[in-house]
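Letters A, B, ... mirror the listed sequences (proteins, then strands); counts begin at 1.
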2 protein chains.
Amino acid sequence: MDKKFDKFINNFRVLIKDLGLKNSTQREIILKALFHSKAHLSAEELSTLIKKEYDSSIGIATVYRVLSFLEDHKVVSSINIGNANSKAYEINPSDHHDHIVCTKCKKVLEFFNPDLEKLQVEIANKNGFKLIDHDMILYGICAGCKK
Amino acid sequence: MDKKFDKFINNFRVLIKDLGLKNSTQREIILKALFHSKAHLSAEELSTLIKKEYDSSIGIATVYRVLSFLEDHKVVSSINIGNANSKAYEINPSDHHDHIVCTKCKKVLEFFNPDLEKLQVEIANKNGFKLIDHDMILYGICAGCKK
DNA sequence: GTCCGTGCAAAACGTTTGCACGGAG
DNA sequence: CTCCGTGCAAACGTTTTGCACGGAC
C-alpha cells in the first residue's frame, strides 16, 4: 500500500549515501509526514503535525534544517503564497507544475500547462536570459466559493 | 525635470483627500525615495536609503506602515523574490508587468507579455477559477552574466 | 571512534503593535 | 481642537545558530 513512498524513500537513501552523509530517523519521518500530506505546509505546520502524529520529540530546528537541506537537493520545493510570512513546502514532484490559489478558502490547486512553459522560455530569450526556473502562482475564486 | 513625480504625488494627494485622511511629509518622502529608485527595495533597504539620503528621523515602523497602506491602495506593489525573507517594493506601475531575475547578479528586469496574460485567464477558467491576480517571476542568467 | 545530525535555548531577523506626542486639517 | 500619523521600544512570528550530546557509519 505504501509502495510509492517506499520507492521514494529508497531514492532518498541513495542520495544521502551518494553525498557521503548520514541518514536519520528524523529525516525519514519528516519526509513521510510531508509525503502523506496533500496540503502545502509551512515548517511550523509540518512540525506540529509531526509532533502530534509521528514523534513528539522532533525539534522544530530539525524540521527547518531538514527542509532546507531537502530543498537544496531538490527533494522538496517551496512556494511563497500571497502575503503569508512563511513558505509552504511540498514533496518535489517529478512532474513540474504551478499553483492556483483560492483567495477565499485558501485551497491550492496544481496545474501544468505546456504552452505556458514554452512561452516562458520565449520571454526569457527575448530578454537575453537563459531560463533556469520560475515561480508562478495564480490567484482567484474557486468554483466552490463562486456561489 | 521632476514633472513625472509631481504628477504622481498630486494624484496621491487627491487619493488621501478622497479617503478623508491626512497627508504627511514622511509619506511623501517615502514615495519620493521609492519613485526615484529603479531597484525593487525591501522595507529595510528603503528605510536605510531614506535615512541616508532624505531624512534620518523617519522611523522604520513608519516605513512599514506607509508601505502597507500604499499597497492596500494600489499605489505600490510588492514581489517575493526567490528565497528572500522579505518583500521587494516598487511604485505600482500603471501598466502591469512581471519580473525576470538574474540569479547571478540579482538584477531585476520587467516585462509584459499579452499572450501570457491571456493564457493565465484560460488556465484559471479551465480549473473553475475566476482569475483575480497572479505572481510570476522568471529566474535565469542575464545576457551580461552569460559571458 | 569519527563526525554528522539532533534537541535545546538563545539569538537573529523581519514585521507589527501600544503608547504618548506632535502636527495636519 | 480633533484625530491621524509618527517615533520609540517592546512584542511577535519565523528562521537561524552555538553548543553539547547521542547515534549512524
(request) Would you please name every residue forming a ring-ring contact (aromatic ring centres under 6.0 Å, His included) with B:F8, sequence neighbours left out? (result) B:F35
(request) Go through the side-chain N and O atoms of B:H36 and B:D2 and say whether any donor and acceptor fall under 3.5 Å apart. (result) yes
(message) Could you check, using the six-membered ring where one of them is a Trp, whether B:H134 and A:H99 have ring centers closer than 6.0 angstrom?
(response) no
(message) Rounded to whole Å, please give me the gap between CD1 in B:I58 and P in C:dG22.
(response) 18 Å
(request) Counting heavy atoms from C-beta on, name the nucleotide in D:dT15, C:dT6, C:dG14 closest to the side chain of A:Q26. (result) C:dT6
(message) Whether the A:E71 and A:S77 side chains hold a donor-acceptor pair (N or O, under 3.5 Å, no angle test) is what I'd like checked.
(response) no
(request) Note down the inter-axis angle between the two ends of the helix from C:dG1-D:dC25 to C:dG25-D:dC1, five pairs each, to the nearest 10°. (result) 30°
(request) Ignoring backbone atoms, test whether B:S86 places a side-chain nitrogen or oxygen under 4.0 Å from the OP1 or OP2 oxygen of C:dG14. (result) no
(request) Tell me, with the steps shown, if A:E90 and A:K38 meet salt bridge (charged side-chain N to carboxylate O under 4.0 Å, His left out). (result) CA-CA 8 Å; A:E90 64 177 332; A:K38 305 128 247 147; over 6 Å; no
(message) Would A:Y54 and A:K32 count as a side chain to side chain contact (heavy atoms under 4.5 Å, CB included) here? Give the steps.
(response) CA-CA 9 Å; A:Y54 296 86; A:K32 190 178 203 170; 4.0 Å; yes
(request) Heavy atoms under 4.0 Å is the rule here; annotate nucleotides 16-25 of chain D 5' to 3' with B where the base is hit, S where only the sugar-phosphate is, and - elsewhere. (result) BBB----BBS
(request) Classify the angle between the aromatic ring planes of B:H73 and B:F69 as parallel (below 30°), tilted (30 to 60°) or perpendicular (above 60°). (result) tilted
